[in-house]
Student: 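Dropping a structure here in structure tokens format, bear with me for questions.
Chain A is the first sequence line, chain B the second, and so forth, proteins listed ahead of strands; every chain is numbered from 1. Computed from a prediction, not measured in an experiment: that's the story for all the values here.
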Number of protein chains: 2
Amino acid sequence: MTEAFELEAFLPYRLNRAAEFVALRFAAQYKARYQLTRPEWRTLAALGNSGRSMTATEIGAHSSMHKTKVSRAVFGLEQRRWLKREEDGRDRRFEHLALTSAGQQTYRELTALAADYQAELLSMLGAADMEALSKGLFAVERAIKNRWRPE
Amino acid sequence: MTEAFELEAFLPYRLNRAAEFVALRFAAQYKARYQLTRPEWRTLAALGNSGRSMTATEIGAHSSMHKTKVSRAVFGLEQRRWLKREEDGRDRRFEHLALTSAGQQTYRELTALAADYQAELLSMLGAADMEALSKGLFAVERAIKNRWRPE
DNA sequence: AATCAATAGTTACGCTTGTAACTAATATCG
DNA sequence: CGATATTAGTTACAAGCGTAACTATTGATT
């Protein structure tokens with residue numbers, strides 16, 4: 001017996017739609033209030049979260065962004081004086097990127113908003129379903145670790 | 001006590017990364033083997049799944065795509081002779097879109113690949129985690145129904 | 001009937017994106 | 001040491017995208 005294909009049950013479609021919806025309201029915040037693009041917000045988050053300086057390649061690996069995205073995001077953050085570059089003395093191909101104090105301040109404000117939003121999502125989905133979603137995502141993340149090949 | 005913000009635990013980030021990963025291998029198939037874009041594949045799937053003719057607006061609502069995306073996807077599928085248009089006699093603003101037999105054939109081939117891929121994902125994640133993921137996604141879908149406002 | 005509003009779908013425009021080519025620096029290996 | 005390969009990061013280009021403006025048609029209001 002052949003089941004009819006149901007787009008509504010197809011995991012790539014379901015995951016993509018959920019991701020778009022969940023990203024929407026938070027993206028509105030960092031776009032409207034801080035004029036940040038998504039790659040810029042991710043770069044800020046990666047740097048702020050690590051608490052140290054990172055190279056562009058490290059940022060890309062940590063947040064799974066393509067290097068051209070990282071390059072443009074770094075440029076944007078640098079223009080706003082939220083990030084500064086320092087070249088590596090031993091190997092001048094590397095640039096060590098770090099948040100300025102203004103950048104750290106923005107990071108703290110945005111992570112506070114992010115925490116609020118996470119709480120809002122929790123109450124929107126309910127604790128049990130949020131648990132289930134998180135468990136399922138861990139499984140996907142495990143699969144990514146086993147198979148993911150960047151570019 | 002203030003928790004440090006963890007990007008790795010932030011739901012929008014986790015969902016987005018999972019969605020990208022899961023979409024990747026299947027997208028490679030319809031792109032390489034059928035030269036389809038993602039909006040084209042989704043349009044094909046919506047029409048094939050419904051088994052009837054639909055208007056562009058219906059396709060957009062069903063697969064949550066913007067009308068310009070649908071318009072371009074319809075044009076692409078029409079060029080490949082996988083879809084034909086028929087104007088509504090009573091209200092000439094409407095176009096009734098339906099797959100040609102060649103389009104239906106492509107749809108059957110692609111849905112067979114999709115079913116294989118879904119099975120592969122199931123074995124990759126394991127039944128229990130797939131269940132959990134699905135449960136969590138249902139919760140998000142419920143939230144979308146309550147809040148989603150297209151454009 | 002005439003005007004104005006609403007709807008289906010397309011197109012023009014500017015912005016973002018990824019691919020591939022590029023520069024610059026370092027590593028490797030004969 | 002010199003040629004080649006590799007790596008970090010940037011840039012040029014073309015394709016994809018959403019917003020907004022547009023055409024065409026129908027509905028609503030007076």
Student: Specify the separation, in whole Å, of atom CD of B:Glu95 and atom P of C:dT7.
Tutor: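 Checked: the CD to P distance equals 18 Å.
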Student: Round to the nearest Å and state the distance from B:His66 atom NE2 to D:dC17 atom P.
Tutor: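 From B:His66 NE2 to D:dC17 P: 12 Å.
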Student: Side chains of residues 26-34 of chain A: which donor-acceptor partners sit under 3.5 Å, not counting sequence neighbours?
Tutor:
from    : atom 1 : to       : atom 2 : distance (Å)
A:Tyr34 : OH     : A:Glu109 : OE1    : 2.7

Student: Take atom CD of A:Glu58 and atom P of D:dG9, then tell me their distance rounded to the nearest Å.
Tutor: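 Rounded to the whole Å, the gap is 9 Å.
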Student: Check for a donor-acceptor pair, side chain of B:Thr111 on one end and backbone N or O of B:Ala114 on the other, with a separation under 3.5 Å.
Tutor: no
Student: A:Trp41 has an atom CH2; how far is it from atom P of C:dT16, in whole Å?
Tutor: 19 Å
Student: Rounded to whole Å, how long is the line connecting atom CE of B:Met54 with atom C1' of C:dA8?
Tutor: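 Interatomic distance, CE of B:Met54 to C1' of C:dA8: 15 Å.
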Student: Can you tell me how far P of C:dT17 sits from NZ of B:Lys31, to the nearest Å?
Tutor: 15 Å
Student: Should the pair B:Arg14-A:Glu141 be classified as a salt bridge under the 4.0 Å nitrogen-to-oxygen rule?
Tutor: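 Looking at A:Glu141 together with B:Arg14, the answer is yes, because their closest N to O distance falls below 4.0 Å.
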Student: Are any protein N/O atoms closer than 3.5 Å to N/O atoms in nucleotides 14-16 of chain D? If there are, list each pair with its distance.
Tutor:
none

Student: Distances under 3.5 Å only, N/O to N/O: pair up the protein atoms with those of nucleotides 1-7 of chain D.
Tutor:
from  : atom 1 : to      : atom 2 : distance (Å)
D:dT7 : O2     : A:Arg93 : NH1    : 3.1

Student: Classify the side chain of B:Arg72 versus the base of D:dG18 as yes if they form a donor-acceptor pair under 3.5 Å and no if they do not.
Tutor: yes
Student: Atom CZ of B:Arg85 and atom P of C:dA8: how far apart are they, to the nearest Å?
Tutor: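 The distance from CZ of B:Arg85 to P of C:dA8 comes to 16 Å, rounded to the nearest Å.
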Student: Looking at A:Glu131, I'd like to know if its CD atom is crowded, meaning that more than 12 non-hydrogen atoms belonging to other residues, nucleotides or ligands lie closer than 6.0 Å.
Tutor: no
Student: Check side chain to side chain contact (heavy atoms under 4.5 Å, CB included) between B:Arg108 and all other residues, then give those that pass, not counting sequence neighbours.
Tutor: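 Side chain to side chain contact (heavy atoms under 4.5 Å, CB included) check on B:Arg108 returns B:Gln104, B:Gln105.
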Student: With sequence neighbours left out, write down each residue that passes side-chain hydrogen bond (donor to acceptor under 3.5 Å, both in side chains) with A:Tyr107, or none if nothing qualifies.
Tutor: none
Student: Rounded to whole Å, how long is the line connecting atom CZ of A:Phe75 with atom P of D:dT11?
Tutor: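 Atom CZ in A:Phe75 sits about 8 Å away from atom P in D:dT11.
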Student: Using a cut-off of 4.0 Å on non-hydrogen atoms, how would the nucleic acid contact of B:Thr68 be classed: base, sugar-phosphate, or nothing?
Tutor: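 Base contact.
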Student: Checking contacts here: which listed nucleotide (D:dG18, D:dG9, C:dG9) is nearest the side-chain heavy atoms of B:Lys67?
Tutor: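 Of all the options, the side chain of B:Lys67 is nearest to C:dG9.
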Student: I'd like to check the salt bridge (Lys or Arg N to Asp or Glu O under 4.0 Å) partners of A:Asp91; sequence neighbours left out, ordered by chain and number.
Tutor: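 Residues passing salt bridge (Lys or Arg N to Asp or Glu O under 4.0 Å) with A:Asp91: A:Arg93.
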Student: Closer than 4.0 angstrom, basic N to acidic O: yes or no for B:Arg80 and B:Glu40?
Tutor: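 Salt bridge present between B:Arg80 and B:Glu40.
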Student: At under 4.0 Å, does any side-chain N or O of B:Arg38 touch on OP1 or OP2 of C:dT17?
Tutor: no
Student: If you check every side-chain atom of B:Arg92, which of C:dT26, D:dT19, D:dT25 has the closest atom?
Tutor: D:dT25
Student: Just by distance, with hydrogens left out, do A:Arg17 and B:Ser63 show a side-chain donor and acceptor under 3.5 Å apart?
Tutor: no
Student: Assign each of A:Asp88 and B:Ser71 to its nearest nucleotide of DNA chain C by heavy atoms, then name whichever residue's nucleotide is nearer the 5' end.
Tutor: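 It is B:Ser71, whose closest nucleotide lies nearer the 5' terminus.
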